[in-house]
Amino acid sequence: MVAAAGNSSATMKSPASGSLAFVNSKKRKSHRNPTNKSEKLLLSDPLLRRLSSAAAATRSFIQTNDLFLPPSQSLRIESLLSSLPIAPSHSTSTSNSTWFHRFVNSASENDDPRWHHCFRMSKPTFFKLLSVLSSSDLPPLPSSSLAATLFRLAHNASYSSLAQRFGFDSVSDASRAFFAVCKLVHEKLGQLDDPKPDFSPRLLPNCCGALGFARFDVDGELLESLIVQALVDSAGRFADISAGWPSTMKPEAILRQTKLFSMAEEESRSFLNGGAPCELGDGVSVPRYILGDSRLPLLPWLVTPYSSNEEEEDSFEFNNLARAALRAVEIAFAKVRTRWRILDRKWKPEVVEFLPFVVTTGCLLHNFLVDCGDGDLQEECVVARDDSEMMKDDECEEDTRRYEGEAYVGSSRIRDAIAENLSRVTSSENL
């Protein structure tokens with residue numbers, strides 16, 4: 001399966017450049033001051049002189065302790081200093097190496113926690129990722145370009161900050177490097193493995209995963225958010241990603257336009273038809289299927305909870321299990337947002353076209369970390385965001401009943417068989 005941004009391939013052209021060209025880190029040249037010095041306030045006032053002195057002392061403190069300060073603190077201080085109504089002082093540092101090169105020399109141990117703090121992964125995992133992304137006919141990926149990309153994803157760092165820390169000659173070079181690395185992530189990690197029917201073998205036999213949606217906010221009047229549909233497997237990995245749908249679309253409309261839906265409907269192409277069905281009670285044969293929420297239609301390959309107006313004996317227990325299982329999608333997205341803070345913000349409308357590309361990059365890196373055993377977040381509190389009310393309106397219940405009325409009889413029998421099997425399993429455990 002292939003991760004995709006909207007209906008386009010994940011291996012899209014880099015938004016920032018026409019070709020995949022890496023910017024090698026060099027000794028950073030002095031950056032042009034974005035504010036004309038003549039527009040700066042003159043330091044004739046004693047208060048401004050004290051402010052300038054305090055700012056100089058703060059910059060000196062950062063330069064002395066930048067390898068040990070948490071990135072969130074140093075970035076915040078740098079932002080405050082840049083907002084002061086005084087001309088920035090010239091750096092007194094005599095070091096010819098960038099912050100990243102000094103960091104690599106300082107954090108030389110594999111278990112140094114600063115790798116997780118700065119790049120959201122251990123040192124061995126970082127260099128493993130570097131090796132995977134460098135395995136091509138192109139020039140080797142500079143470690144500083146990968147580090148800068150991860151740092152921006154993890155801390156929502158500006159391109160100006162990347163230029164200062166990682167030795168790019170300009171903000172434009174930092175931007176090009178970021179999108180070039182994201183494009184490589186799509187190319188090298190975008191072929192997703194088909195999920196196996198092991199999501200919950202005992203309680204949900206032959207289930208291949210949970211299908212759900214997440215909303216990423218946009219700071220705009222016409223578009224409030226973009227929607228991402230994802231299938232999550234038993235290990236919490238993304239098995240299918242479709243990003244970039246407007247928040248005005250309903251979940252069922254999104255589903256029917258995705259590659260996942262078209263492949264599932266064409267049985268010969270679908271991973272759902274790659275294994276033997278499971279025989280449950282009353283001779284019902286249950287094929288491989290996906291678990292979806294009540295906003296989606298009940299289909300032979302998509303099992304959804306019972307609607308509120310149904311009186312099935314085992315529906316209550318099944319619905320509770322389905323809701324718990326669907327939390328896997330919320331948790332997976334919560335981990336992506338927590339690890340990659342660039343996604344946990346409102347995106348400006350003028351750059352929202354890049355949001356699906358960056359969201360998919362974060363999901364693919366999440367999969368890589370899970371496979372490397374580096375998926376647990378350190379010193380972070382993962383809070384699942386509840387998007388269950390997303391796109392709900394007064395027609396929701398009516399739509400749900402319509403789906404139930406149109407559902408295949410065989411689909412209902414499959415769901416009933418799964419619910420009855422669940423009741424038998426839980427009853428035997430209570431004996």
Side-chain angles (χ1 to χ4, degrees), residues 1 192-214 227-242 250-252 254-256 258-261 263-265 270-275 277-278 280 284-308 310 312 314-334 363 384 386-388 390 396 399-400 403-404 407-408 410-426:
M1 306 185 74
L192 305 179
D193 295 332
D194 290 340
K196 299 178 181 179
D198 61 354
F199 191 78
S200 180
R202 189 171 55 85
L203 301 179
L204 296 170
N206 247 8
C207 180
C208 293
L211 183 67
F213 301 85
I227 306 302
V228 181
Q229 175 188 285
L231 174 64
V232 175
D233 68 12
S234 59
R237 293 179 298 242
F238 292 94
D240 184 86
I241 310 164
S242 183
K250 293 184 178 181
E252 188 235 3
I254 293 174
L255 170 65
R256 292 186 181 276
T258 60
K259 189 174 182 179
L260 173 67
F261 183 86
M263 291 184 65
E265 291 292 295
S270 176
F271 67 90
L272 296 169
N273 291 276
C278 177
L280 296 182
V284 178
S285 180
V286 177
R288 291 185 176 186
Y289 63 92
I290 294 170
L291 189 67
D293 65 31
S294 57
R295 297 168 296 180
L296 299 174
L298 177 64
L299 300 171
W301 55 271
L302 181 62
V303 176
T304 60
Y306 291 93
S307 61
S308 57
E310 291 181 294
E312 294 292 336
D314 304 313
S315 63
F316 181 77
E317 189 172 19
F318 175 81
N319 282 0
N320 284 341
L321 176 62
R323 293 189 190 98
L326 289 168
R327 286 273 297 169
V329 183
E330 296 176 17
I331 293 172
F333 275 119
C363 293
D386 185 8
D387 287 328
S388 61
M390 178 183 65
C396 181
D399 288 344
T400 299
Y403 295 151
E404 297 297 341
Y408 299 112
S411 303
S412 298
R413 291 186 62 209
I414 288 173
R415 182 175 60 183
D416 292 343
I418 296 171
E420 292 169 3
N421 176 76
L422 172 64
S423 180
R424 286 193 297 268
V425 171
T426 53

Would you compute the distance between atom [atom1] of [X] and atom [atom2] of [Y] and round it to the nearest 0.5 angstrom?
X      : Y      : atom1 : atom2 : answer
Phe213 : Leu296 : CZ    : CG    : 4.5 Å
Leu260 : Leu302 : CG    : CG    : 8.5 Å
Asp240 : Thr258 : CG    : OG1   : 6.5 Å
Arg295 : Leu211 : CZ    : CG    : 9.5 Å
Leu231 : Ile290 : CG    : CD1   : 4.5 Å
Arg424 : Leu280 : CZ    : CG    : 7.0 Å

Search all heavy atoms of [X] against all heavy atoms of [Y] and return the closest pair with its distance.
X      : Y      : value
Ser285 : Pro277 : OG-CB, 3.1 Å
Leu204 : Phe318 : CD2-CE1, 4.1 Å
Ala332 : Val232 : CB-CG2, 4.0 Å
Asp293 : Thr304 : O-CG2, 3.4 Å
Leu255 : Pro297 : CD2-CD, 4.3 Å
Ile414 : Pro300 : CD1-O, 4.1 Å

Next on the checklist: If you define the side chain from C-beta out and look only at heavy atoms, does anything of Met263 sit under 4.5 Å from Leu272?
Outcome noted: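 SC-SC contact between Met263 and Leu272 ruled out.
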Checklist entry - Are side-chain heavy atoms of Leu298 and Ser412 found at a separation under 4.5 Å? => result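 When only atoms from C-beta onward are counted, Ser412 and Leu298 do touch, with a gap below 4.5 Å.
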Next on the checklist: Go through it in stages, so that I can follow the logic: the residues are Ser411 and Trp301, the test is side chain to side chain contact (heavy atoms under 4.5 Å, CB included), and I'd like the CA-CA distance, side-chain angles, deciding distance and then a yes or no.
Outcome noted: CA-CA 8 Å; Ser411 303; Trp301 55 271; over 6 Å; no
Next on the checklist: Out of the candidates Val286, Asp198, Asn421, only one should pair with Pro205 under the side chain to side chain contact (heavy atoms under 4.5 Å, CB included) rule; please name it.
Outcome noted: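 Among Val286, Asp198, Asn421, the one meeting side chain to side chain contact (heavy atoms under 4.5 Å, CB included) with Pro205 is Asn421.
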Next on the checklist: Could you check whether Arg415 makes a cation-pi contact with Tyr306, meaning its NZ or CZ is under 6.0 Å from the centre of the six-membered ring and within 45° of the ring axis?
Outcome noted: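 Yes; both conditions hold, so Arg415 lies above the ring face of Tyr306.
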Checklist entry - So Ser423 and Glu317, side chain to side chain contact (heavy atoms under 4.5 Å, CB included) or not? Walk me through it. => result CA-CA 7 Å; Ser423 180; Glu317 189 172 19; 3.9 Å; yes
Checklist entry - Under the ring pair (Phe, Tyr, Trp, His ring centres under 6.0 Å) test, which residues partner Phe199, sequence neighbours left out? => result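 Listed in chain order: nothing, the list is empty.
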Checklist entry - Passes side chain to side chain contact (heavy atoms under 4.5 Å, CB included), Phe238 versus Val228? Steps please. => result CA-CA 12 Å; Phe238 292 94; Val228 181; over 6 Å; no
Next on the checklist: Before you tell me yes or no, could you show the steps for Cys208 and Tyr289 under side chain to side chain contact (heavy atoms under 4.5 Å, CB included), namely the whole-Å CA-CA distance, both residues' side-chain angles and the distance that decides it to 0.1 Å?
Outcome noted: CA-CA 6 Å; Cys208 293; Tyr289 63 92; over 6 Å; no
